[in-house]
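I have placed the structure first, in the form of structure tokens, so that the comments after it can refer back to it.
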Protein chains: 2
Amino acid sequence: MPREYRMTKRADASRETRERIMNATMQLHDEKGVARTTFADIAKRAGIGQATLYRHFPSVGDLVQACGGHVWVEMRPLTPDNAAVAFKGLTDPTARLEKLVDEVDAFFSRGELRLHLAGRDRELVPELDQFLSAVEAGISAYVGEALAPMKLSKQSIAAVNAVMSFPMWQQLRRMKLPAQKSRQLTIRLISCAIGAAQDL
Amino acid sequence: MPREYRMTKRADASRETRERIMNATMQLHDEKGVARTTFADIAKRAGIGQATLYRHFPSVGDLVQACGGHVWVEMRPLTPDNAAVAFKGLTDPTARLEKLVDEVDAFFSRGELRLHLAGRDRELVPELDQFLSAVEAGISAYVGEALAPMKLSKQSIAAVNAVMSFPMWQQLRRMKLPAQKSRQLTIRLISCAIGAAQDL
DNA sequence: AATTTGACGGAGTATCTATTTCACGGAATT
DNA sequence: AATTCCGTGAAATAGATACTCCGTCAAATT
């Protein structure tokens, strides 16, 4: 008969190594990407044995998922449930567009490195793909919400989504425009995209 | 004193295994990406010993470079020296834009899989990066040539380059528009981009 | 025909990677 | 205090991967 075991003090220690693992993991993921980070790497960086690592996270997936939580918080992605409140009170279509661009740009800036690295390995690590799908869903929700009053065609919305995608953002960033000009360019590009896709 | 050795018949055999290696390599690169393809994989697929593989290609770089040549030919990328002739005789700016879109779209379609896979690993394999840089230089040359008569600002040209980038093409492709509509949308998007970036 | 050359591949070695085993020792419980 | 529990990490295992050595044999040369 197993004796009941509540574990108070030890839980703290365990939680602490768990956090050390996750810090080491995120550090390494940022340095060499997710797919190329090994268990041995992580254990060494965290200063623990590999068996300990396995006890806490039996598979890469578990690890990525756990880190995903942290990263999600740090990155503050746009979420569908925030979409509505973000645009509340903005009646002017242009103001909504500006708000959209600012929100998305701020988010991409926050997450630049990790979105880039995650994108590289999303086809190899299912959890990364989930993560990025969630991210994309959030952006899509913002786009939909921003454009809602305009009653646009499906195509127009899809076109705006394409322009507001992370790859496109990266591409525009390579132009190295000052923030204000970059903002303005993006806004114009979106306005254009709407019109361009409306009557196809 | 080394005896001189001209090698006629044997050269053929050697060249044939060399080609078998390159076929196997390109096959595997297409299946699992460049960075995740191993020497053992290639040797097994080519039906040869690993030592033979190393004799022909001492490093991954050599292999990638050699395959790059083949791929380059198969893909028929846009090259700076072809840019001028491609637009020769087209005086109407719109016609030039259409030509640009068609050429780039045809190229991206031809190279879709490999451009995608190469892009994933370009930071890990210097030769891939060179390859893609050359590809991008070609596209950029086409863009420059197409827009040359319009005397646009640097920014406008850069903006068009962003819209004509492979990542953006992939994004637009996800809309699954029929070819004609996709073409039209892209053309409009470019026209927009020009105006949008002109007076920043 | 005898001899030299060099491509070939089997069979290594060394390192890396994933995963498990196990004994230890401190914490939790009785 | 005695006993049970369980997190820990050193070390072992197994398989993958990079890279090399060397004997074989047909081709090339004399």
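Chain letters run A, B, ... following the sequence lines, proteins first and then strands; every chain starts at 1.
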In whole angstrom, give the distance that lies between atom CD of B:Gln50 and atom C1' of C:dT13. 13 Å

Is B:Glu31 paired with B:Arg36 through a side-chain N to carboxylate O contact shorter than 4.0 Å? no

B:Leu53 atom CG is separated from D:dT20 atom P, nearest whole Å, by 12 Å

Output the rounded distance in Å from CG (B:Asp12) to P (C:dA7). 13 Å

Any residue in residues 32-44 of chain A with a heavy atom nearer than 4.0 angstrom to DNA chain C? Just list them by number, or reply none. A:Thr38, A:Phe39

Please tabulate, for side-chain N and O atoms in residues 124-135 of chain A, each donor-acceptor pair with protein atoms closer than 3.5 Å (sequence neighbours left out).
residue	atom	partner	partner atom	Å
A:Asp129	OD1	A:Arg122	NE	2.8
A:Asp129	OD1	A:Arg122	NH2	3.0
A:Ser133	OG	A:Asp129	O	2.9

Atom pairs under 3.5 Å: protein N/O with N/O of nucleotides 26-30 of chain C:
residue	atom	partner	partner atom	Å
C:dG26	N2	A:Arg10	NH1	2.2
C:dA27	N3	A:Tyr5	OH	3.4
C:dA28	OP1	A:Thr8	N	3.3
C:dA28	OP1	A:Thr8	OG1	3.3
C:dA28	OP1	A:Lys9	N	2.3
C:dA28	OP1	A:Arg10	N	2.8
C:dA28	O4'	A:Tyr5	OH	3.0
C:dT29	OP1	A:Arg6	N	2.4
C:dT29	O2	A:Arg3	NH1	2.8

How many Å lie between CZ on B:Phe57 and P on D:dC19, as a whole number? 15 Å

Rounded to the nearest 0.5 Å, what's the gap from CG on A:Leu78 to OG on A:Ser140? Could you check? 11.0 Å

So, does B:Thr52 get its side chain near the phosphate of C:dG9, meaning an N or O under 4.0 Å from OP1 or OP2? yes

Verify the neighbour count for atom NZ of A:Lys181: are there more than 12 heavy atoms of other residues, nucleotides or ligands below 6.0 Å? no

Could you give all pairs that pass the side-chain hydrogen bond (donor to acceptor under 3.5 Å, both in side chains) test and reach residues 61-75 of chain A, with sequence neighbours left out? A:Ser59-A:Asp62, A:Glu74-A:Arg114

Might you list the N or O atoms of the protein lying below 3.5 Å from N or O atoms in nucleotides 21-24 of chain D, with each pair's distance?
none

Can you confirm if the aromatic rings of A:Phe87 and A:Tyr142 lie within a centre distance of less than 6.0 Å? yes

Per nearest nucleotide of DNA chain D, the residue lying toward the 5' end, A:Gly49 or B:Ser59, is A:Gly49

Quick one, which residues of residues 14-21 of chain A touch DNA chain C with a heavy atom under 4.0 Å? none

Side-chain (B:Arg110) to main-chain (B:Arg76) donor-acceptor, under 3.5 angstrom: yes

Between B:Arg120 and A:Asp121, does a salt bridge (charged side-chain N to carboxylate O under 4.0 Å, His left out) hold up when you go through it step by step? CA-CA 8 Å; B:Arg120 266 179 35 166; A:Asp121 293 340; over 6 Å; no

Look at A:Arg183 together with A:Asp105 and state whether they make a salt bridge at an N to O cut-off of under 4.0 Å. no

Within the structure provided, determine whether A:Met175 and B:Lys154 are in side-chain contact (heavy-atom separation under 4.5 Å). no

Report the C-alpha separation of A:Asp12 and A:Arg15 in whole Å, then their side-chain angles, then the decisive distance to 0.1 Å, and conclude whether the salt bridge (charged side-chain N to carboxylate O under 4.0 Å, His left out) test is met. CA-CA 5 Å; A:Asp12 295 339; A:Arg15 189 163 31 247; 2.8 Å; yes

Electrostatic pair B:Lys99:B:Glu103 at N-O distance under 4.0 angstrom: yes

Testing the basics here: between A:Trp169 and A:Ser109, what is the closest heavy-atom pair and its distance to 0.1 Å? CZ2-OG, 3.5 Å

